[in-house]
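Down below is the structure, laid out as C-alpha cells.
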Amino acid sequence: MLVTSVPRAVVLLSGGLDSATCLAIAKHDGFEVACLTIAYGQRHAIEVESAQRIAGSFGVADHRTVALDLRAIGGSALTAGVDVPKHASVAELSPDVPVTYVPARNTIFLSIALSLAEVLGARDIYIGANAVDYSGYPDCRPEFLASFESLARIATRAGVDGAPFRVHAPLLELTKGQIINLGTELGVAFALTHSCYDPLPDGACGHCDSCLLRMKGFAEAGTTDPIAYARR
C-alpha cells in the first residue's frame, strides 16, 4: 500500500484579517499547517489572542507563540512611547513609511518562521504581506520576499542540502476588498480577527492606518465588518 505524507507549512499568524486569510489559503492548498504567532511587545497585544482563536477555528493542532521583546529596541509607534497617527479617512494616509513601521519586523518574523520550518521538515512558509492596500512598509514588497527566499537557500542546512524553502505571499497583489472576498469564500471568521493599532476598551479606534484600510476593504467587498468600533 502506497503511503503519502501531507506536506507541512508554517504560517505566520498575527491575528489580523490578512494572516487569517493566508492561513485559510495554506489549508486550501493542502498543507498540514503549523501556525507561528510573535508576541513582540506590540501595543495591540490583543491580536495575539485573536491569533489563538483563529487557529482554533481552523482546527490547527500546532500553534506556537514566541515571545520577543522588540520594545527593548523601540523605533516604532507600536513598540515605543510614540502616538499612533490618526486620520479621518484613507485619503489622508501619507505615501511615506509611517511611524507604525517596526524596523525589520518581517525580516525577524520570517527568520523565526524559517527556523521552525527547518525543525519541522517544512519547506513552505506563508506570510500575509500585501503590497497594494498597505501602509507603505518596505518589508511587504515583492523584492524583499524574493530576496529572503534566496537567503533561505544559503542560510540553512536544508537549503544547502538541496531542499530550498518557498516563501508564499498569496495576498501580495490583492486589494483589501479582494482579500476579504477570498477569505469569506474560504470560511474565515473575520469576527475573530483584530486589526487596530490602538484599540480602546469599547472596540477598534477606527482612525489608525490599519482600521481605515480595513474599513475601506469591507466597503469595497460590499459586506459588513463584524468587529466592534469604539463610539466616536
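By convention here, the first residue in the shown sequence is residue 1.
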Any non-hydrogen side-chain atom of L93 less than 4.5 Å from a side-chain atom of L213? yes
So CE of M215 and NE2 of H207: to nearest 0.5 Å the spacing works out to 7.0 Å
Where do T107 and S111 come nearest, in terms of heavy atoms and distance? O-OG, 2.7 Å
Would you check if V102 and D139 make a side-chain contact, meaning some heavy-atom pair closer than 4.5 Å? no
Restricting to non-hydrogen atoms, name the atom on A24 and the atom on F58 that form the minimum distance, rounded to 0.1 Å. CB-CZ, 3.6 Å
C208 and T100, any side-chain heavy atoms less than 4.5 Å apart: no
Decide if atom CG of D83 counts as having more than 12 heavy atoms of other residues, nucleotides or ligands within a radius under 6.0 Å. no
Are the side chains of L78 and L70 in contact, using a 4.5 Å heavy-atom criterion? no
Aromatic plane relationship, Y40 with H44 - under 30° parallel, 30 to 60° tilted, over 60° perpendicular: perpendicular
With a 4.5 Å limit on heavy-atom distance, are the side chains of L12 and S19 in contact? no
Shared hydrophobic cluster, V10 / L68 (ILVMFWY, side-chain heavy atoms < 4.5 Å): yes
Give, for atom CG of L151 and atom CZ of F144, the distance between the pair rounded to the nearest 0.5 Å. 9.0 Å
Can you get from L120 to I38 by hopping between Ile, Leu, Val, Met, Phe, Trp and Tyr side chains that sit under 4.5 Å apart? yes
Set of ring pair (Phe, Tyr, Trp, His ring centres under 6.0 Å) partners for F31, sequence neighbours left out: Y126
Same cluster or not: are L13 and F109 linked, directly or through other Ile, Leu, Val, Met, Phe, Trp or Tyr residues, by side-chain heavy atoms under 4.5 angstrom apart? no
Same hydrophobic cluster for L182 and V11, using side-chain heavy-atom links shorter than 4.5 Å among ILVMFWY? yes
Would a 4.5 Å heavy-atom cut-off, applied to side chains only, mark L23 and V60 as touching? yes
In Å and rounded to the nearest 0.5 Å, what is the CG to CZ distance from L172 to R141? 11.0 Å
Specify the closest pair of heavy atoms between C211 and G206, including all atoms of both residues, with the distance to one decimal. SG-N, 3.3 Å
For a quick test of reading the model, state the closest non-hydrogen atom pair linking P226 to R214 and the distance between them. CD-NH2, 4.5 Å
Heavy-atom check, side chain of H168 versus side chain of I25, under 4.5 Å: no
Output the distance between atom CZ (F218) and atom CD1 (I227), rounded to the nearest 0.5 Å. 7.5 Å
Atom CZ in F190, atom CD1 in I179: separation rounded to 0.5 Å? 8.5 Å
More than 12 heavy atoms of other residues, nucleotides or ligands under 6.0 Å from NE2 of H28: yes or no? no
Are the side chains of K176 and K216 in touch, meaning some heavy atoms are under 4.5 Å apart? no
Tell me who clusters with I46, hydrophobic residues only, linked when side chains sit under 4.5 Å apart either directly or through other members. none
Which distance, rounded to the nearest 0.5 Å, do you find between the CD1 of I180 and the OG1 of T21? 8.0 Å
Determine whether a donor-acceptor pair (N or O, by modelled atom type, separation under 3.5 Å) exists between the side chain of H194 and the backbone of C196. yes
Do side-chain atoms of Q178 reach the backbone of L174 as a donor and acceptor pair under 3.5 angstrom? no
Going by atom types alone, do S76 and R105 pair a side-chain donor with an acceptor below 3.5 Å? no
Using modelled atom types only, decide if a donor and an acceptor are shared between the side chain of D209 and the backbone of P85 within a distance under 3.5 Å. no
Testing the basics here: between I125 and A117, what is the closest heavy-atom pair and its distance to 0.1 Å? CG1-CB, 4.2 Å
Joint cluster assignment, V48 & I54, ILVMFWY side-chain distance < 4.5 Å: no
List the atom of E118, the atom of A158, and the distance in Å for their closest heavy-atom pair. OE2-N, 2.9 Å
